[in-house]
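The block underneath contains the structure these notes are about, expressed in structure tokens.
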Amino acid sequence: MQTAALDTLRVRTRRGGWQRVGEPALVRAAQRGSAEAFAELFRRHWPRAHRAAWLVVHDATAAEDVAQEAFLAAVRSLDRFDRGRPFAPLLHRIVVNRAIDYARARELRREVAGGDYDAATADASEAPSEDVLAALAALAPEQRAVIVLRHLLGFTPGEIAKALGLPRGTVNSRLRRGLDELQEAVER
């Protein structure tokens, strides 16, 4: 199954050297409307953005939608973006916030419908074990997001705080509570 996001990811950028251009120059070019620069930003950041979304929502189709919407939101906000800052934290903040919103809405729909959802499958070499995924899915979206960012995507607590617009103490407490709940669930 081919999707627009995967097609864009596979597009070869112009041989003019977008692949060798630094991120600040790519952001400037994308701000000026360069489709090639945006395609290169997309190529560089899509895998982690999609992975972050999937780890929060546990649904491959929804993760792709969330990540695509996040990219569009990031592009729309490029005119206000500080070129001196890296693009990835902005994008991941948008991805995680949208994934949390999606997860909350799904929880509300599930409560109303009273049904269960199927866990999506991912590349087994990259995915945590099934019991960890099940325990992650049972966490509150806010806890799930900080755990995904910290332990599966490698962000520092300070980077998570900046990305989510939270105080660092809030990030640390969500991490601690979430990890405690994960450990209890996995040990059962």
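If you're wondering where the values come from, they're calculated on a predicted model, not measured in any experiment.
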Give the minimum heavy-atom separation between [X] and [Y], together with the two atoms involved.
| X | Y | answer |
| --- | --- | --- |
| Glu159 | Gly154 | OE1-O, 4.3 Å |
| Val95 | Ala52 | CG1-CB, 4.1 Å |
| Ala74 | Leu91 | CB-CD1, 4.2 Å |
| Leu139 | Gly178 | CD2-O, 3.9 Å |
| Leu182 | Val132 | CD2-O, 4.1 Å |
| Ala29 | Ala37 | CB-CB, 3.5 Å |

task: Could you check whether the rings of Phe71 and Phe38 sit parallel, tilted or perpendicular, using 30° and 60° as the cut-offs?
output: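 Perpendicular: the ring planes of Phe71 and Phe38 meet at over 60°.
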
Strictly distance-based, threshold 3.5 Å: is any side-chain N or O of [X] a donor or acceptor partner for the main-chain N or O of [Y]?
| X | Y | answer |
| --- | --- | --- |
| Glu23 | Pro86 | no |
| His151 | Ile147 | no |
| Arg98 | Ala70 | no |
| Arg44 | Gln19 | yes |
| Ser77 | Arg80 | no |

Let me confirm one number: the [atom1]-[atom2] distance from [X] to [Y], rounded to the nearest 0.5 Å.
| X | Y | atom1 | atom2 | result |
| --- | --- | --- | --- | --- |
| Leu136 | Glu181 | CG | CD | 11.0 Å |
| Arg48 | His92 | CZ | NE2 | 5.0 Å |
| Gln143 | Ser173 | CD | OG | 8.5 Å |
| Glu36 | Leu41 | CD | CG | 12.0 Å |

Could you check if a side-chain atom of [X] sits within less than 4.5 angstrom of a side-chain atom of [Y], using non-hydrogen atoms only?
| X | Y | value |
| --- | --- | --- |
| Gln68 | Trp46 | yes |
| Glu69 | Tyr102 | no |
| Ile100 | Val57 | no |
| Trp18 | Ser34 | yes |

query: side chain to side chain contact (heavy atoms under 4.5 Å, CB included) between Phe155 and Arg150: does it pass, once the steps are laid out?
result: CA-CA 5 Å; Phe155 281 65; Arg150 176 70 181 117; 5.8 Å; no

task: Would you please indicate if the ring centroids of His58 and Trp54 are separated by under 6.0 Å?
output: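 Yes.
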
task: Let me see the working for Val66 and Val56 under side chain to side chain contact (heavy atoms under 4.5 Å, CB included), right down to the final yes or no.
output: CA-CA 10 Å; Val66 165; Val56 173; over 6 Å; no

query: For the side-chain contact (heavy atoms from CB on, under 4.5 Å) test, which of Leu179, Val96, Asn172, Leu175 pairs with Val146?
result: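 Answer to the side-chain contact (heavy atoms from CB on, under 4.5 Å) test with Val146 among Leu179, Val96, Asn172, Leu175: Leu175.
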
message: Is there a side chain to side chain contact (heavy atoms under 4.5 Å, CB included) between Leu166 and Arg174? Walk through the geometry before answering.
response: CA-CA 11 Å; Leu166 297 170; Arg174 287 182 183 177; 3.3 Å; yes

Stepwise side chain to side chain contact (heavy atoms under 4.5 Å, CB included) check, Arg144 with Leu55: CA-CA 8 Å; Arg144 189 178 326 136; Leu55 288 166; over 6 Å; no

query: When you check the side-chain N and O atoms of His45 and Glu40, is any donor under 3.5 Å from an acceptor?
result: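 No pair is found: no donor N or O on one side chain lies under 3.5 Å from an acceptor on the other.
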
